[in-house]
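Presented below is the structure to which this report refers.
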Amino acid sequence: MIYSWRVTTLSFFIAIFFLCYSCVTKVYPDERMAIDSSFKMLFNSLISKDTFAFTDLMNHRKVFAITKLDSIVSNEKGWFINQSPYKLLRIRFKDLGTDTPELDRENEIYVMKDPKTAGGSIGIQFNNFYFTDSIIPSLNHDTIDINGKKIIDYYLFETSLKLKHPDDVKELYISPVKGFIGFKTVSGEVWLNELE
């Protein structure tokens, strides 16, 4: 009888130990937390200026200012309910333009690294444009014309969402070196970064 009680107690504590051990998050080395160079290069090109302005063919302006820049690392050993390790770089920006109606939308871009899977991801929210993926679209080397300017070497980000508002962005053009190049709205209006 006592032997049975000891075996049951010992089995209980072993089960609790393995349950607790399985909930532990581990600390990853810095190499596993490093954000992939292609994601980092694209992110750095976007934060090279604190404001960026776009103009359309009618010389209307949309001005955006970076309002917050975050660098978050979660890589601590923990028990039970603990956050998964990750590294995140994020910018948030706000529409400051006066030529067009101000749209109070959440605008942000982030790149993230998950050390468990060694994978990265990118997310873009820009005037109802939403893009999230674990890969960056391929770099286009062909030439496109945006409002009379010839552009080469750009990423074309497209959303798969069904957009309704004419000012919603459906295509976003980003250079790996210069950052934002321009965007196209649902109405077909094309906006070019004034620095181009």
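FYI, side chains are in, hydrogens and waters are out, and symmetry mates aren't considered; it's all heavy atoms of this structure. Values in this document were obtained by computation on a predicted structure and should not be read as measured data.
- Taking a 6.0 Å sphere around CG of Asp142, one finds it holds more than 12 heavy atoms contributed by other residues, nucleotides or ligands.
- Annotation: side chain of Asn193 is not in contact with side chain of Ile181 (no heavy-atom distance under 4.5 Å).
- In this structure, Tyr154 and Asn140 have side chains that are in contact, with non-hydrogen atoms separated by less than 4.5 Å.
- Side-chain contact between Lys113 and Tyr28 is absent, with no heavy-atom pair separated by less than 4.5 Å.
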Tell me, with the steps shown, if Thr185 and Trp191 meet side chain to side chain contact (heavy atoms under 4.5 Å, CB included). CA-CA 8 Å; Thr185 63; Trp191 295 75; 4.0 Å; yes

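- Residues Ile35 and Met112 have side chains not in contact (no heavy-atom distance under 4.5 Å, counting atoms from C-beta outward).
- Side-chain N or O atoms of Asp56 include one that pairs as donor or acceptor with a backbone N or O of Met58 at under 3.5 Å.
- Phe64 and Phe126 have tilted rings, their planes meeting at an angle from 30° to 60° on a 0 to 90° scale.
- Taking the six-membered ring where tryptophan is involved, the planes of Phe52 and Phe54 are perpendicular, since the angle between them exceeds 60° and thus also 30°.
- Side-chain atoms of Ile91 and Phe43, non-hydrogen and from C-beta on, do get closer than 4.5 Å to each other.
- Using a 4.5 Å cut-off on side-chain heavy atoms (C-beta onward), Leu161 and Phe129 make no contact.
- The shortest side-chain heavy-atom distance between Tyr155 and Leu42 falls under the 4.5 Å cut-off.
- Under a 4.0 Å N-O distance rule, the pair Lys68/Glu108 does not qualify as a salt bridge.
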For a side chain to side chain contact (heavy atoms under 4.5 Å, CB included) check, start with the C-alpha distance between Glu171 and Leu156, then their side-chain angles and the critical distance, and finish with the verdict. CA-CA 7 Å; Glu171 293 178 357; Leu156 172 60; 3.9 Å; yes

